[in-house]
There are 2 protein chains.
Amino acid sequence: MSNLSTTSDDILASTRHLLISGGYNGFSYADISEIVGIRKASIHHHFPSKVDLVRELVKRYREDGQASVGVLEQKVPNALDILKAYANHWAACIEDASRPYCVCAMLASELPSLPTEVATEVTNFFRFISSWLASVMERGSKQGELSLTSAPHVEAETFLATVYGAMLSARANGKPEVFSMILEPALNRLTPTVSH
Amino acid sequence: MSNLSTTSDDILASTRHLLISGGYNGFSYADISEIVGIRKASIHHHFPSKVDLVRELVKRYREDGQASVGVLEQKVPNALDILKAYANHWAACIEDASRPYCVCAMLASELPSLPTEVATEVTNFFRFISSWLASVMERGSKQGELSLTSAPHVEAETFLATVYGAMLSARANGKPEVFSMILEPALNRLTPTVSH
DNA sequence: TTTATTCTTCCTACTAGTTGGTAGTTTCGA
DNA sequence: TCGAAACTACCAACTAGTAGGAAGAATAAA
């Protein structure tokens with residue numbers, strides 16, 4: 001019924017890898033075929049067009065993200081700890097070079113030149129992340145787990161920009177540790193001070 | 001001696017435009033030829049290869065940046081005002097859609113797949129911006145024009161990440177105003193509080 | 001149980017169009 | 001008359017995508 005590893009999953013995995021390193025126009029079906037070990041034409045059987053392939057990839061990327069967020073919210077009650085976990089997730093990905101960049105950050109840069117179907121899926125991803133972070137900010141502020149200096153949705157956008165900016169800086173400098181260097185003070189700023 | 005508009009400048013200008021919208025692999029000599037109004041082969045006369053073209057573009061982009069920074073430092077004495085001017089520069093570019101994204105942000109995302117000669121020129125740009133911002137932070141801190149909560153070079157990287165992250169957010173949301181929304185509180189945070 | 005049929009997945013072989021780049025020639029102003 | 005800048009006309013390699021067939025597994029009919 002459900003295999004551990006299907007060809008279609010392998011194609012998506014290698015696409016994600018290629019996408020992270022060079023963007024939408026930076027890879028071809030030939031590249032995927034080499035990694036997966038099947039012929040170019042066979043990829044078209046699973047994903048008729050390149051747009052289908054990347055659209056599906058981004059859709060699943062968002063769905064997986066939504067699922068992970070659900071688990072995180074259940075396991076971690078404190079809003080600050082949620083933000084720390086989110087930051088640590090990316091810190092780990094960047095540091096061990098497994099997924100050193102966000103697929104949607106890559107595609108967002110290319111947004112104006114992307115096929116519309118892919119573009120809308122990318123904006124959907126950012127809508128989801130933004131509103132999730134805003135909800136975390138709002139809840140954390142109300143419960144005294146976060147100290148905000150601006151409106152929750154502004155703090156959410158700022159935090160998101162810091163994470164994605166730090167991701168770019170780490171890549172531009174070729175130094176993974178830059179990510180944590182930037183995020184540590186950013187999280188400290190959101191930490192409530194103990195009254196004394 | 002020096003024309004107001006040379007073909008080579010037109011090629012560079014259209015390349016910048018194309019680069020901002022779709023990255024290194026998102027444009028071709030055919031695209032440039034259409035915009036500039038000369039044949040593909042004629043572009044090769046000015047820039048033998050695509051690598052030459054983009055390398056030269058990024059080199060000039062950094063040089064122009066260095067010149068602008070020089071002028072800014074002369075005209076504006078206050079460190080906070082310099083940071084505000086830098087932020088306003090990008091806010092204006094994004095808002096009037098003239099250059100709604102940084103060429104080097106685009107190329108930094110693609111860094112792992114870029115020809116090495118272009119890649120080194122891109123990292124040079126970020127080295128320059130980082131160290132310039134660090135010097136502004138340090139000077140501003142010493143003269144009481146900026147209130148830092150971390151070491152100057154950390155604040156510099158944080159500010160840079162915020163600017164570039166905000167640029168990406170503006171693009172991802174399709175809302176230019178998001179940039180200023182993020183940068184305003186970021187600058188407030190650096191503003192010294194008047195003692196009373 | 002055997003046979004026939006369908007479906008899935010992969011294959012070879014191909015296409016039309018694009019890519020960056022070259023060779024050699026013309027045009028034209030200094 | 002010389003050099004820069006443009007041109008026409010190529011090229012090999014690569015692009016996404018198609019047509020049609022072979023192998024095998026699952027399903028249905030005998």
Side-chain angles (χ1 to χ4, degrees), chain A residues 1-19 21-58 106-107 110 112-119 121, chain B residues 1-19 21-58 103 106-107 110 112-119 121-122:
Chain A
M1 201 63 72
S2 69
N3 281 356
L4 288 173
S5 164
T6 69
T7 302
S8 142
D9 286 343
D10 290 349
I11 293 169
L12 286 168
S14 64
T15 301
R16 191 190 56 198
H17 175 252
L18 290 163
L19 216 39
S21 93
Y24 188 84
N25 295 304
F27 77 98
S28 72
Y29 271 42
D31 297 325
I32 300 170
S33 102
E34 232 174 84
I35 299 174
V36 177
I38 59 173
R39 298 287 167 164
K40 251 178 35 174
S42 308
I43 303 168
H44 283 283
H45 172 255
H46 296 277
F47 303 97
S49 78
K50 198 179 179 179
V51 169
D52 293 319
L53 170 58
V54 179
R55 197 216 292 116
E56 179 66 22
L57 177 83
V58 178
M106 196 72 230
L107 294 172
E110 302 175 299
S113 76
L114 243 40
T116 50
E117 289 150 289
V118 176
E121 212 62 62
Chain B
M1 199 63 72
S2 71
N3 281 358
L4 287 172
S5 164
T6 69
T7 301
S8 141
D9 286 343
D10 290 349
I11 294 169
L12 285 168
S14 64
T15 302
R16 192 190 55 199
H17 175 253
L18 290 162
L19 216 38
S21 93
Y24 188 85
N25 295 303
F27 77 98
S28 71
Y29 270 42
D31 297 324
I32 300 170
S33 103
E34 233 174 83
I35 300 174
V36 177
I38 58 173
R39 299 286 168 166
K40 249 179 37 174
S42 310
I43 303 169
H44 285 282
H45 170 73
H46 296 277
F47 303 97
S49 79
K50 197 178 181 180
V51 169
D52 293 320
L53 170 58
V54 178
R55 197 215 293 116
E56 180 65 23
L57 177 83
V58 178
V103 168
M106 196 73 231
L107 294 172
E110 302 176 298
S113 75
L114 244 39
T116 49
E117 289 150 291
V118 176
E121 211 63 58
V122 171

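Any value given below was found using the heavy atoms of this structure, including those in side chains, with hydrogens, waters and symmetry copies removed. Throughout, a chain's letter reflects where its sequence line sits, starting with A, and its residues are numbered from 1.
Note that OG of S21(B) and CG of D31(B) are 9.0 Å apart. Values are rounded to the nearest 0.5 Å.
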What's the verdict on side chain to side chain donor-acceptor pair (under 3.5 Å) for T7(B) and D10(B), showing C-alpha distance, side-chain angles and the deciding distance?
CA-CA 5 Å; T7(B) 301; D10(B) 290 349; 5.3 Å; no

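With hydrogens and angles ignored, the 3.5 Å screen pairs a side-chain donor or acceptor of E110(B) with a backbone N or O of Y24(B). The closest donor-acceptor contact from the side chain of Y29(B) to the backbone of S49(B) lies under 3.5 Å. With hydrogens and angles disregarded, no donor-acceptor distance shorter than 3.5 Å links the side chain of K40(B) to the backbone of S28(B).
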Going 5' to 3' through nucleotides 5-21 of chain D, assign each nucleotide B (protein heavy atom under 4.0 Å from a base atom), S (under 4.0 Å only from sugar-phosphate atoms) or - (no protein heavy atom that close).
BSBBB-----SBBB---

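Protein atom CD of E34(B) is 15 Å distant from nucleotide atom C1' of dT19(C), rounded to whole Å.
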